[in-house]
> 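Could you have a look at this structure, given as structure tokens, before my questions?
For this chain, numbers begin at 1 and follow the sequence in order.
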Amino acid sequence: MSLPGSQAIWTEHVGRVHLLSTREVQVFTKLGEGYSNRLIARQFGIAERTVKTHVAQIMSKLGVDSRLQAGLVSVLHRLLNEGAIDDGCR
């Protein structure tokens with residue numbers, strides 16, 4: 001399966017994942033799995049406020065406007081890395 005032209009813009013956001021810190025990647029992954037801030041905080045043993053800060057940083061670095069969009073980029077990132085879809089760039 002490949003990404004249609006109108007959806008290929010999401011690969012631009014995926015291309016920014018390398019800008020995330022190690023902890024941000026961990027939080028980013030959990031966003032894609034549908035975890036709430038509270039559950040992410042519990043899983044990593046950090047404050048919920050810290051998770052909110054990480055989410056804000058993730059959104060900024062990826063260039064997205066919402067937590068939902070960050071989660072969608074996370075899912076796309078996972079699918080691209082698993083080879084489940086082709087972004088047309090390989």
> Out of Q69, R16, E24, Q57, which residue meets the side-chain contact (heavy atoms from CB on, under 4.5 Å) rule with L62?
R16
> Given side chains that start at C-beta, do those of H54 and F28 come closer than 4.5 Å, heavy atoms only?
no
> Can you tell me how far the OG1 atom of T53 sits from the CD1 atom of I46, to the nearest 0.5 Å?
9.0 Å
> Which distance, rounded to the nearest 0.5 Å, do you find between the OG of S21 and the CD of Q26?
8.0 Å
> Of all heavy-atom pairs between L19 and K61, which one has the smallest distance, and what is that distance?
O-NZ, 3.3 Å
> Checking the side chain of S36 only, and the main-chain atoms of L39 only, is there a donor and an acceptor separated by less than 3.5 Å?
yes
> If you look at every heavy atom in T11 and L76, which pair is closest and at what distance?
N-CD2, 4.2 Å
> Treating S74 as the side-chain partner and A70 as the backbone partner, does any N or O pair qualify as donor plus acceptor under 3.5 Å?
no
> State the CG-OG distance between L72 and S66, to the nearest 0.5 angstrom.
7.5 Å
> Is a donor on one side and an acceptor on the other found under 3.5 Å between the side chain of Q43 and the backbone of I40?
no
> Would you indicate whether the side-chain heavy atoms of R67 and L31 approach each other to under 4.5 Å?
yes
